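Below, chains carry the letters A, B, ... as their sequence lines are ordered, and counting in each starts from 1. Only a predicted model underlies this, so the values are computations on that prediction, with no experimental measurement involved.
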There are 2 protein chains.
Amino acid sequence: MKKSDRTRQDILDATASSLATAGYTATTVKSIAETIGMQDASIYYHFSSKDELVGEVLDIGTARAVTAVDQALAELQDDHDPREALRVAIIAHAEAVLGGGDYPRANVRTFGQLPPDLTHRHRQGHRNYGQIWTRLIDDGVESGALRGDLNRSVARLIIIGALCWAIEWFDAGEEVSAADVGEHVFQMVVNGLSIGEHESPAVSV
Amino acid sequence: MKKSDRTRQDILDATASSLATAGYTATTVKSIAETIGMQDASIYYHFSSKDELVGEVLDIGTARAVTAVDQALAELQDDHDPREALRVAIIAHAEAVLGGGDYPRANVRTFGQLPPDLTHRHRQGHRNYGQIWTRLIDDGVESGALRGDLNRSVARLIIIGALCWAIEWFDAGEEVSAADVGEHVFQMVVNGLSIGEHESPAVSV
DNA sequence: TGACTTTTCTAGTGTGTACTAGATTTAATC
DNA sequence: GATTAAATCTAGTACACACTAGAAAAGTCA
């Protein structure tokens, strides 16, 4: 029983790593098997199909991202500014997806590449994750800390999008850290790039 | 000669459409041929390989996006605010990629899914496009309109990323238009979501 | 019409993919 | 050490893919 669990974990790790760096199509059962020194057929002793294996990796990735953000929010003081909550969540997401392990990275990297079945399987997970952000923005607007003239759903998707797309260009070897990217996103979407008084013309959508 | 050109155009259009909606892997030579009522082998009379065909579609997409942004900037008055230039460029990009034709959409949609050869082939095009944005941000910082305490390269990539990721969730049928998305991105990254005076703590990277 | 060119089709090849069946080896248990 | 169970391997199948060769059809122009 022990052996099986360890091998199973090795397969998951190798799959997560491959998904995160090579994407869904380039992640073949054979390449996964080679990474851990097995024959491709042996994978099927542990997982019934490629997509079940990939699905499990993505489940773990989602769970880790949610945990990272939840945990960061839980450490806030009770009387925190809603902007601070947004900042903490953004940085936690950035660190989980950019600086963290392969699992959350696999999630973002393969977004838009998955076959319909897998996409559908994870729709609910993504919705749940989105709700964390919806609440953060709602809190900010209702407390008067954030502007209410923008479409909150669009705002939420723009923030998440800026963070998710970073996986396409972020290089862990460079001098900019994952937390730095998060800080930049926060500074931009909350405080804005502009200096001094700007009119903030109302936008109706 | 006429017939050939028209068929060639049909193939390009069908490929762009498929890339934009289904991605690179799901875009097969056979599916392209079926779309225009041909046999898959006939495609090879017009293009020597799938990747040459895809490459040409992506070239067109890049060119159209560049043209859209350049044209929008050219229509600005000489004494425009650097923030206004950024706004115009952001909205032009949003309209080109979200509301425009299949070609620019194919570009963004397949980003990160392409085989290495194609990725390399378009590296220079992406760099050129990025320089448009680098100049916009530099102008803003140097004129004193935009903050200089953020990493400009990171800021540029965050703006482009927020726009590019929108292709994953934007629905042309909904009440939010492509230009609306652009306006939201501008409002957020330039003016910020925050209301009132914020300290704008310096970030050194 | 007839000769010629251009375009498309039919019928395949080879390769890589996920996946299966059954033999074989490795590990655990009595 | 013998028996059983767990884990892996060998050797395949079936299918989808990009792509090719050569025949057939469609179009062009004297």
**Prompt:** With respect to the phosphate group of dT6(C), does any side-chain polar atom (N or O) of S4(B) fall under 4.0 Å of OP1 or OP2?
**Reply:** no

**Message:** Rounded to whole Å, please give me the gap between CG in D5(A) and C1' in dA6(D).
**Reply:** 12 Å

**Message:** So R109(A) and L19(A), do their side chains get closer than 4.5 Å, heavy atoms only?
**Reply:** no

**Asked** From the list dC9(C), dC19(C), dT10(D), which nucleotide is the closest neighbour of the side chain of Q39(A)?
**Response** dT10(D)

**Asked** Are H46(B) and L53(B) close enough that some pair of their side-chain heavy atoms sits under 4.5 Å apart?
**Response** no

**Prompt:** Does some side-chain heavy atom of D51(A) sit less than 4.5 Å from a side-chain heavy atom of Y24(A)?
**Reply:** yes

**Message:** Quick check on contacts: within residues 18-36 of chain A, what sits under 4.0 Å from DNA chain D by heavy-atom distance?
**Reply:** none

**Asked** Sequence neighbours excluded, which residues qualify as side-chain contact (heavy atoms from CB on, under 4.5 Å) partners of E84(A)?
**Response** L76(A), D81(A), R87(A), V88(A)

**Item:** Separation of dG12(C) P from Y44(B) OH (nearest whole Å)
**Value:** 19 Å

**Prompt:** Can you list, by residue number, the residues of residues 47-61 of chain A that have a non-hydrogen atom closer than 4.0 angstrom to DNA chain D?
**Reply:** none

**Request:** Let me know the distance between CG of D10(B) and C1' of dT7(C), rounded to the nearest Å.
**Result:** 14 Å

**Protein-nucleotide distance (L118(B), atom CG; dA18(D), atom C1'), rounded to Å** = 14 Å

**Request:** Could you go through the salt bridge (charged side-chain N to carboxylate O under 4.0 Å, His left out) check for D102(B) and R105(B) one step at a time?
**Result:** CA-CA 5 Å; D102(B) 293 325; R105(B) 257 170 64 209; 3.1 Å; yes

**Prompt:** In whole angstroms, how far is the C1' atom of dG16(C) from the CG atom of D40(A)?
**Reply:** 11 Å

**Item:** Short side-chain N/O contact to dT8(C) OP1/OP2 from H46(B), under 4.0 Å
**Value:** yes

**Item:** Sub-4.5 Å side-chain heavy-atom contact between H126(B) and N107(B)
**Value:** yes

**Request:** Would you kindly say whether D59(B) and Y103(B) are connected by a side-chain donor-acceptor distance under 3.5 Å?
**Result:** no

**Request:** May I have the step-by-step check of ring pair (Phe, Tyr, Trp, His ring centres under 6.0 Å) for H93(B) and Y129(B), ending in yes or no?
**Result:** CA-CA 11 Å; H93(B) 176 111; Y129(B) 189 62; 5.7 Å; yes

**Prompt:** OP1 or OP2 of dT8(C) less than 4.0 angstrom from a side-chain nitrogen or oxygen of Y45(B), does that happen here?
**Reply:** no

**Prompt:** Is there side-chain contact between V108(B) and W165(A), with at least one heavy-atom pair below 4.5 Å?
**Reply:** yes

